[in-house]
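To keep things clear, I will list the structure first and then write my remarks on it.
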Amino acid sequence: MSERLWMPGSATGIGSMPGTDIREAVRVVLGELPDLPHLPELPARGVGADLTGRTLGLLVDLHAEVQPSGWRVAAAAGRDERRAVALLGEDLDALEELAEGWTGPLKLQVTGPWTMAATLELRYGNKALADAGACRDLTDSLAEGVAEHVRQVARRLPKARLLVQLDEPALPGVLAGSVPTASGFSRLTAVDPERAASGLRAVLGVLPEDVLGIVHSCAPEFPFDVVRRAGAGALSFDVSLFKEVQEEALGTAVEAGTRMLLGVIDATSHHAESPGDLRPPVASDLDASLAPVRELWHRLGLPAETLRDVVLTPTCGLAGASPARARWVLAAATGAGRRLAEDPEGDLNKGSR
């Protein structure tokens, strides 16, 4: 981690935010995540703003439309695809205006190739994941689209240091052979780990040298080895889902210089809360969120100082949160990041000194 890409103790969001007002979402992100903001995603806007649809608008020479079962490959661009393109354009317009002159790191998110393949249907109804040739075509199209997306954002915000996150919630299921067929009565064949790594590498490989590629999944069984072999510069996952059997793979990644974005602030416990229940996060709240990370580093024998380079995030996206809760979670992530930078070790071993 010789090159510093962000300030010590930085925090960022996963991507999705509640509501339908992109300008307000950008304001919140810029205000609550001053060290590492991201381009918000607003799935509540509907078709074209969802996980798959938002990225379909980036694809080159590949079109899709919405059917009752979800997004399906189409012969030409239609209303649904045009809506996805228009919504992303609105988002970029808002970002360019409100983040004008931004000189720090800025994170973009796109759906990764394997989650796209697991959710996009071919014209005859089966998922793209079932067809190796379709997967290759989809990956190539996505790679071209991501490269152009980065160029567009760079033109709008030329002083920003861009990071690109591939969202892969379906990747563990793709590797395990647990993705259902279109009918739902069977499961698609598991994808070989090397093939999975190759698909990720094809998209990550189009990023300019100064753009960090991140792979994120908030699903259980994060595939550390596959993602590392793909050449990801950073991994992003929910610490609460981390298992002891994954410790060696994580330790190897950290020691190799792979950067970490760790989900530590609970993004789910919001349904029973009202704005009045959301007092500002205090030190005890932040230390409770940081405890699993500090303990994990201690078990792995990693220097506590390296935690200053870790970026903290919510455990998952915030689309289902109330606006007040989403703001609270982002503020808590920032507070926890700064606390970790000031005191990476916390109470570990202090009693024995």
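All figures in this text were calculated on a predicted structure; none of them were measured in a lab.
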Check this for me: Arg136, atom CZ, are more than 12 non-hydrogen atoms of other residues, nucleotides or ligands nearer than 6.0 Å? no
So do Leu340 and Arg308 actually touch side chain to side chain, heavy atoms under 4.5 Å? no
If you group Ile, Leu, Val, Met, Phe, Trp and Tyr by side-chain heavy-atom gaps below 4.5 Å, do Leu92 and Val211 land in one group? yes
With a 3.5 Å distance limit and no angle check, can you tell me whether Arg123 reaches the backbone of Arg72 through a side-chain donor-acceptor pair? no
Are side-chain heavy atoms of Leu262 and Phe242 found at a separation under 4.5 Å? no
I'd like to check Ile22 versus Leu42 (side-chain heavy atoms, cut-off strictly below 4.5 Å). Are they in contact? yes
Determine yes or no for a side-chain-to-main-chain donor-acceptor pair under 3.5 angstrom, with Thr252 supplying the side chain and Glu248 the backbone. yes
Distance (rounded to the nearest 0.5 Å) between Arg339 CZ and Leu286 CG: 6.5 Å
Between Arg79 and Glu65, is the closest basic N to carboxylate O distance under 4.0 Å? no
Candidate pair Val254 and Leu300, rule side-chain contact (heavy atoms from CB on, under 4.5 Å), full reasoning: CA-CA 10 Å; Val254 174; Leu300 293 174; 5.8 Å; no
For the hydrophobic clusters of this structure (ILVMFWY residues joined by side-chain heavy atoms under 4.5 Å, transitively), does one cluster hold both Leu106 and Met17? yes
Contact summary for Ala128 and Ala134, nearest pair of heavy atoms: O-CB, 4.0 Å
Any side-chain heavy-atom pair from Asn126 and Leu188 closer than 4.5 angstrom? yes
If you measure only the distance, is there a donor-acceptor pair under 3.5 Å linking the side chains of Glu121 and Gln67? no
Trp114 (side chain) donor-acceptor with Ala196 (main chain) under 3.5 angstrom: yes
Do Leu241 and Ile265 sit in the same hydrophobic cluster, where Ile, Leu, Val, Met, Phe, Trp and Tyr count as joined when their side-chain heavy atoms come under 4.5 Å apart? no
Around Tyr124, counting heavy atoms of other residues, nucleotides and ligands shown, do more than 12 lie under 6.0 Å from its OH? yes
Quick test of your reading of the model: are Arg299 and Glu244 salt-bridged, counting only N-O distances below 4.0 Å? no
Is there a donor-acceptor contact under 3.5 Å from the side chain of Lys127 to the main chain of Val179? no
Taking all non-hydrogen atoms of both residues, which atom of Ala64 and which atom of Leu120 are closest, and how far apart? CB-CD1, 4.1 Å
Less than 4.0 Å between a side-chain N and a carboxylate O, is that true for Glu144 and Arg151? no
Quick one: does His216's side chain have a donor or acceptor within less than 3.5 Å of a partner on Ser236's backbone? yes
CG/Asp210: more than 12 non-hydrogen atoms of other groups inside 6.0 Å: yes
Using atom types as modelled and distance alone, determine if a side-chain donor or acceptor of Ser16 lies under 3.5 Å from a backbone N or O of Ala319. yes
Side chain to side chain contact (heavy atoms under 4.5 Å, CB included) test vs Leu204 passes for just one of Leu212, Leu166, Val227, namely Leu166
With disulfide bond (SG atoms under 2.5 Å apart) as the rule and sequence neighbours excluded, what pairs involving residues 174-232 come up? Cys218-Cys316
Single-linkage hydrophobic cluster Leu39~Val28, side-chain heavy atoms < 4.5 angstrom: yes
Look at the aromatic rings of Phe237 and Phe222 and report parallel, tilted or perpendicular, splitting at 30° and 60°. tilted
Would you say that Glu81 contacts Leu56 through its side chain, given a criterion of any heavy-atom pair below 4.5 Å between the two side chains? no
Heavy atoms from other residues, nucleotides or ligands near CZ of Arg187 exceed 12 (cutoff 6.0 Å): yes
Between Arg327 and Glu32 (salt bridge meaning N to carboxylate O under 4.0 Å), is one present in this structure? yes
Ignoring hydrogens, what is the shortest heavy-atom contact between Ser10 and Leu36? Give both atom names and the distance. CB-CB, 4.4 Å
Is there a continuous path of hydrophobic side-chain contacts, each under 4.5 Å between heavy atoms, that joins Leu58 to Val150? yes
Looking only at heavy atoms, the pair that brings Pro193 and Val226 closest together is CB-CG2, 3.8 Å
Give a yes or no answer on whether the side chain of Thr111 reaches the backbone of Leu51 with a donor-acceptor pair at less than 3.5 Å. yes
With a 4.5 Å cut-off on side-chain heavy atoms, are Arg45 and Leu87 touching? yes
Minimal heavy-atom distance between Gly199 and Pro113, with the atoms involved, is O-CG, 3.7 Å
What closest approach, in Å, do Pro223 and Pro172 show between heavy atoms, and which atom pair accounts for it? CD-CG, 4.2 Å
Any donor-acceptor pair under 3.5 Å from Ser178 side chain to Val174 backbone: no
Quick one: do Thr313 and Val264 satisfy side-chain contact (heavy atoms from CB on, under 4.5 Å)? Show the steps, please. CA-CA 6 Å; Thr313 75; Val264 299; over 6 Å; no
Taking 4.0 angstrom as the limit, do Arg259 and Asp309 come out as a salt bridge? no
In this structure, CG of Leu250 is separated from CG of Asp225 (nearest 0.5 Å) by 10.5 Å
If I take atom CG from residue Leu162 and atom CG from residue Leu157, how far apart are they, to the nearest 0.5 angstrom? 7.5 Å
Check: Ser141 side chain, Leu138 main-chain N or O, donor-acceptor pair, under 3.5 Å: no
Exactly one candidate in Arg54, Gln165, Glu41 meets side-chain hydrogen bond (donor to acceptor under 3.5 Å, both in side chains) with Gln109; the answer is Glu41
Under 4.5 Å between any side-chain heavy atoms of Trp102 and Pro37, yes or no? yes
Applying side-chain hydrogen bond (donor to acceptor under 3.5 Å, both in side chains) between Thr119 and each of Thr55, Asp50, Thr52, report the one that passes. Thr52
dist Thr306:OG1 -> Glu255:CD (nearest 0.5 Å) comes out at 9.5 Å
Under a 3.5 Å cutoff, is there a donor and acceptor pairing between the side chains of Glu168 and Thr115? yes
So CG of Asp167 and CD1 of Ile14: to nearest 0.5 Å the spacing works out to 7.5 Å
Holding to disulfide bond (SG atoms under 2.5 Å apart), I want the full list of residues that pass it with Cys135, two or more places apart in sequence or in another chain. none
Please answer whether the main-chain N or O of Gly13 pairs with a side-chain N or O of Lys107 as donor and acceptor at a distance below 3.5 Å. yes
With rounding to the nearest 0.5 angstrom, report the CG to CG distance, Asp61 to Asp140. 11.0 Å
Validation row: Leu318, Leu330 side chains within 4.5 angstrom (heavy atoms): yes
